[in-house]
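Right, one structure below, let's go through it.
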Amino acid sequence: MGFDSIWIVVLVLAVVVGGAIFLLLRKKRRPEELPTPKAIIPDISARPKEERVEAEAAKPPPPVEIPKPGTALEKKLEKTRGSLIARLGKFFGRSSGALSETEWEEIEEALLEGDVGVRTTSVLLDRVKSRVNEGDGVAVRDLFREASTGLFDGLDCGELKLEGTPKPLVISIVGVNGVGKTTTVGKLAAHFQSRGRTVLLAAADTFRAGAIEQLRIWSERVGAQFVTGREGADPGAVSFDAVTAGKSRGVDIVLLDTAGRLHTKDNLMEELKKIHRVVKKVIPEAPHERWLVVDGTLGQNSIQQAKEFHSALELTGVIVTKLDGTAKGGAVLSIASDLKLPIRFIGLGESAEDLQPFSPGPFVEAILG
Ligand SMILES: Nc1nc2c(ncn2[C@@H]2O[C@H](COP(=O)(O)OP(=O)(O)OP(=O)(O)O)[C@@H](O)[C@H]2O)c(=O)[nH]1
Ligand SMILES: [Mg+2]
C-alpha cells in the first residue's frame, strides 16, 4: 500500500467515525424521538372490560379541586362540603365501573368519617353499586347524588303546608339542652309571621334561670305574642295557659319552647309527656306537631338521642341546627334514613333569617359540590 492509499483509508475512517458521533449526538438531542407519555400508556379502550377496570384503577387520580361555593346554602355548608369533597372528590369524575375494591373501601371510610353513619353508608354504597352494574359509564358523583337524595324518598320534608291546618296549630319543640330550641322557636316565629300567620310563644322551660327572658326577647324581636309563668312554675300549667290563650285570641300557631335539661333524662321525658297530655285538655289533637331539635355538630351522637325522644313522644319532624359551623353535616342523611322522620328545617346561623326549610335536592347538591 502506498503513502497515498494510507491517507485515503485514514480519511475514510475519519469521515465514518465523525459521522457516527454526529448521528449519536443528534439522536440524544431530539426529544421528539423519545416515546411520548401517551405512547407509554397503552390504549386500554381496546382491552376486555376486566383488564380495563384494572388499568383505569392503576391510573393516578386527578388532583382534587374543591369548587368555590356558589349558592348561599353551599357557603353555609362549606365545612361539610369541603371535608366530603376533599376525600371523595377524586372519585367523583370517574366512571363508576372503573373503581377497584380498595377504592370502594376508601369511599366507605370517607363517608363514615363524614358522619354519614354505618347503616346509611352501607345503604348508600349498596344503591350506588347496584347502579354500577347497570351501566359502568355513569360518573360516581351522579350516582351518589341520586342515592343520597333517594334517602329522603317518602318523607314529607320541608316547611309545613299551612293551608287547612287547625287553629291554633300547636307545635311542641323538644330536645336536649343547648341544641338550639329557644333560638329555633324564635326563628320559626319569624318564619311563620313572614307567611302572614299570627304566632304565640309559650315559655314552657321554667327550669333554667334565664330561659324565660331569652324567649321574651325573641318574642319582642320578631313581634310574636308571649305567654309564661313565673320561674319554677309548672311547665304543664304554662302550656295549658298558652294554648288556652292562643285558642281564645284566635292565633294561628302556638309554639311551645320546652326545657332541655332536668335532673335526669327520665324526668325530662316525663315532663314532656305531661306537657303533651295537658294541652290535650284544651285541644284533643294537640300538640299537632312534635319537632325534635338536634345539634348538627354532634353528628352521629344525635341519632341515639333522637331514637329515645321518638319512642317517648312520637315525633313528627326534626330540625337540625348549627350546620353552619360543622363538618358533620353528613349526619343529616342518616337522621332521615335511620329514623324515617322528615327534616323540616335546618339552622344555619344565630339570627332570625338563618333558618331554612329543608329540601333534599339542594342540600345534597350543596354538600357534594
Ligand atoms: N351557629 C349556630 N348557632 C346556633 C344555631 N342555633 C342555635 N345556636 C346557638 O346555640 C346556643 C344555644 O341555643 P339555645 O336556643 O339557647 O338552645 P336551647 O336548646 O334552647 O338550650 P336550653 O334551653 O339550655 O336547653 C346559642 O348560643 C344559639 O345562638 C345555628 O343554627 N347556628
Ligand atoms: Mg332553651
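Order of appearance sets the numbers: ligands from 1, and atoms from 1 within every ligand.
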Please tabulate, for side-chain N and O atoms in residues 188-202, each donor-acceptor pair with protein atoms closer than 3.5 Å (sequence neighbours left out).
{"residue": "His191", "atom": "ND1", "partner": "Arg195", "partner atom": "NH1", "Å": "3.4"}
{"residue": "His191", "atom": "NE2", "partner": "Glu159", "partner atom": "OE1", "Å": "3.2"}
{"residue": "Gln193", "atom": "NE2", "partner": "Val222", "partner atom": "O", "Å": "2.6"}
{"residue": "Gln193", "atom": "NE2", "partner": "Gly223", "partner atom": "O", "Å": "3.4"}
{"residue": "Ser194", "atom": "OG", "partner": "His191", "partner atom": "O", "Å": "2.6"}
{"residue": "Arg195", "atom": "NE", "partner": "Glu159", "partner atom": "OE1", "Å": "2.8"}
{"residue": "Arg197", "atom": "NH1", "partner": "Arg195", "partner atom": "O", "Å": "2.9"}
{"residue": "Thr198", "atom": "OG1", "partner": "Asp252", "partner atom": "N", "Å": "3.0"}
{"residue": "Thr198", "atom": "OG1", "partner": "Asp252", "partner atom": "OD2", "Å": "3.2"}

Exercise. Any chance the side chains of Glu231 and Thr206 put a donor and an acceptor closer than 3.5 Å?
Worked result: no
For this session: For atom 21 (O) of ligand 1, find the nearest protein heavy atom and state the residue, atom name and distance (0.1 Å precision).
Result: Gly178 N, 3.0 Å
For this session: Please state which part of Lys187 comes within less than 4.0 Å of ligand 1, counting heavy atoms only: side chain, backbone, both or neither.
Result: side chain
For this session: To the nearest 0.5 Å, tell me how far Thr258 OG1 sits from Leu313 CG.
Result: 9.0 Å
For this session: Give the numbers and elements of all ligand 1 atoms closer than 4.0 Å to a heavy atom of Asn177.
Result: 25 (O)
Problem set entry | Ligand-residue contact atoms, ligand 1 with Gly260, heavy atoms, under 4.0 Å | 25 (O)
Exercise. Taking non-hydrogen atoms only, is Arg261 closer than 4.0 angstrom to ligand 1 via side chain, backbone, both or neither?
Worked result: neither
Exercise. What is the closest protein heavy atom to atom 3 (N) of ligand 1, and at what distance does it sit?
Worked result: Glu350 CG, 3.4 Å
Problem set entry | Check: Lys181 N/O within less than 3.5 Å of ligand 1 N/O | yes
For this session: Could you check which of Val179, Thr183, Asp324 puts a non-hydrogen atom nearest to atom 13 (O) of ligand 1?
Result: Thr183
For this session: Identify, by atom number and element, the atoms of ligand 1 in contact range of Asp205, meaning under 4.0 Å from any of its heavy atoms.
Result: 23 (O)
For this session: With atom 30 (C) of ligand 1 as the reference point, say which of Gly347, Gly180, Gly349 has the nearest heavy atom.
Result: Gly349
Exercise. Could you give the distance from CD (Glu109) to CG (Leu88), rounded to the nearest 0.5 Å?
Worked result: 11.0 Å
Exercise. Hey, is the Mg ion (ligand 2) within less than 2.8 Å of some N/O/S atom on Gln214?
Worked result: no
Exercise. Got an N/O contact under 3.5 Å between Lys322 and ligand 1?
Worked result: yes
For this session: May I ask you to check whether Ser351 and Asp354 show a side-chain donor-acceptor distance below 3.5 Å?
Result: yes
For this session: With heavy atoms only and a cut-off of under 4.0 Å, state how Leu348 meets ligand 1: side chain, backbone, both or neither.
Result: backbone
